[in-house]
2 protein chains.
Amino acid sequence: MRPLIHPAIQDVPIGAILHALSDPVRLTIYADIVGQERSQNCSTFLQVQDKAIPKSTLSQHIKVLREAGLIRSERRGVESFNLSRSVEVDAHYPLLIATILRAHHTQLATDAAKTKKAKRKR
Amino acid sequence: MRPLIHPAIQDVPIGAILHALSDPVRLTIYADIVGQERSQNCSTFLQVQDKAIPKSTLSQHIKVLREAGLIRSERRGVESFNLSRSVEVDAHYPLLIATILRAHHTQLATDAAKTKKAKRKR
DNA sequence: TTAGGAGTATGATCAACATCTAAATTTGCG
DNA sequence: CGCAAATTTAGATGTTGATCATACTCCTAA
């Protein structure tokens, strides 16, 4: 297996980061990785938003996040752990991650409110 | 011509915003619109980064920005002016725009430095 | 040493996107 | 009215992206 690619943040175009996080599945996974203190192994994400995801799909998503410089994947024995590179990203693009994640949470809350309102109307 | 679509910010998924700004051409155009106090007509952007862009392509990019809730297009006579909706976006997703634009500028600076260094090596 | 589990690579498929040319639409003006 | 200017739409094309099934590589434990 080829070694995993972990680019330096300066070499990652901002567009690649935005693209990586523009996918709802990836944004959810990434929010999870950042949120957890401990790093996560892949299998943690086999369920995203009540939807089962095949492990190959998952692996692709994680690859995109990794090659956007957002996470680091470390192999420990059989499994590999994914941890956020937010310190590095913050150093180069201050507040970027925090702001996007905040927007993500805002949206989750907004969506929940909408669902509630829709139910009330029925 | 159909009326232009200007969604409410709450109805725009964060992914749509990130996707709209993940394209380098669009990010450049958007940065320009936000940067200018006065709104811009389309023809302003016929040149982006030393590259000529056909009007129709430009129109598409502006449409994506508009439907991501990022800009407002107003027709005045024959032409249409584009202005940033940053106040509205800020209200819903605080700091999002400023942070992304800052990252964009950082990247421009970094790239310039790289080019300079590459030239020095020759 | 080998069976099994974790993750990755490959390749297929379908959808979405970026780009362009050409044609259509809208508006202002003679 | 009828033309010209600014922009949008339509249609075509090549590219990238998302998703999945399958096959593969590594590592570990029995």
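Lettering follows sequence order; numbering is per chain, from 1. Everything numeric in this text was worked out from a predicted model, so none of it was measured.
- For the segment residues 13-23 of chain B, residues with any heavy atom less than 4.0 angstrom from an atom of DNA chain C are, sorted by number, B:H19, B:D23.
- Closest of all the heavy-atom pairs between B:T99 and A:P94 is CG2-O, 3.3 Å.
- One N or O on the side chain of B:T28 and one on the backbone of B:P24 form a donor-acceptor pair closer than 3.5 Å.
- Among pairs with a residue in residues 13-25 of chain A, none fulfils salt bridge (charged side-chain N to carboxylate O under 4.0 Å, His left out), at least two apart in sequence or across chains.
- Residues satisfying the side chain to side chain contact (heavy atoms under 4.5 Å, CB included) criterion with A:T106, sequence neighbours excluded, are A:R102, A:T110, B:H92, B:Y93.
- The heavy-atom pair separating B:A103 from A:I14 by the smallest distance is CB-CD1, 3.5 Å.
- Under the salt bridge (charged side-chain N to carboxylate O under 4.0 Å, His left out) criterion, no residue pair touches residues 58-69 of chain A, with sequence neighbours excluded.
- Out of D:dT9, C:dT21, D:dC20, the shortest distance to the side chain of B:P54 is found at C:dT21.
- Taken residue by residue, residues 66-74 of chain B places heavy atoms nearer than 4.0 Å to DNA chain D at B:R66.
- Taking atom CD of A:E79 as the reference point, atom P of C:dG4 lies 19 Å away to the nearest angstrom.
- If you take CD1 of A:I29 and C1' of D:dA18, they are 12 Å apart, rounded to a whole angstrom.
- The nucleotide whose nearest atom lies closest to any side-chain atom of A:S56 is, among D:dA21, D:dT8, C:dA18, D:dA21.
- Across all non-hydrogen atoms, the minimal contact from B:A16 to B:A68 is O-CB, 4.0 Å.
- Note on residues 5-22 of chain B: pairs passing salt bridge (charged side-chain N to carboxylate O under 4.0 Å, His left out), not counting sequence neighbours, are A:K114-B:D11.
- Atom CD1 of A:I62 and atom P of D:dC20 are 15 Å apart (whole Å).
- Each of C:dC20, C:dT8, D:dT19 was ranked by its minimum atom distance to the side chain of A:V25; first place goes to D:dT19.
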Output side-chain donor-acceptor pairs under 3.5 Å for residues 83-90 of chain B, partner residues at least two apart or in another chain, one line each.
residue, atom, partner, partner atom, Å
B:S84, OG, B:S86, N, 2.9
B:S84, OG, B:S86, OG, 2.8
B:R85, NE, B:E88, OE1, 3.4
B:R85, NE, B:E88, OE2, 3.2
B:R85, NH1, B:P7, O, 2.8
B:R85, NH2, B:P7, O, 3.0
B:R85, NH2, B:E88, OE1, 2.8
B:E88, OE2, B:R72, NH2, 3.2

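- Side-chain to base pairing of B:S80 with D:dT8: no donor and acceptor N or O lie closer than 3.5 Å to each other.
- Minimum heavy-atom separation, B:L21 to B:L65: CD2-CD2, 4.0 Å.
- Between A:K55 atom NZ and C:dA9 atom C1' the separation is 12 Å, expressed in whole Å.
- Rounded to an integer number of Å, the gap from B:K63 NZ to D:dT7 P is 17 Å.
- Regarding B:L58, its CG atom lies at a distance of 16 Å from the C1' atom of C:dT21, rounded to whole Å.
- Rounded to an integer number of Å, the gap from B:F81 CZ to D:dT8 P is 13 Å.
- Here D:dA18 is the nucleotide among D:dA18, C:dT19, D:dA6 with the atom lying nearest to any side-chain atom of A:R26.
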Are any protein N/O atoms closer than 3.5 Å to N/O atoms in nucleotides 28-30 of chain D? If there are, list each pair with its distance.
none

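- Of the candidate nucleotides D:dA6, D:dT19, C:dA22, D:dT19 has the atom lying nearest to any side-chain atom of A:Q60.
- A search for side chain to side chain contact (heavy atoms under 4.5 Å, CB included) contacts involving A:S22 returns A:H19, B:L18, B:H19, not counting sequence neighbours.
- The two residues A:L4 and A:S73 come nearest to each other via the heavy atoms CD1-CB, 3.8 Å.
- Here D:dT9 presents its C1' atom at 16 Å from NE2 of B:H61, a figure rounded to the nearest Å.
- For B:T57, whose side chain is taken as the heavy atoms from C-beta onward, the closest listed nucleotide among D:dT7, C:dC20, C:dA9 is C:dC20.
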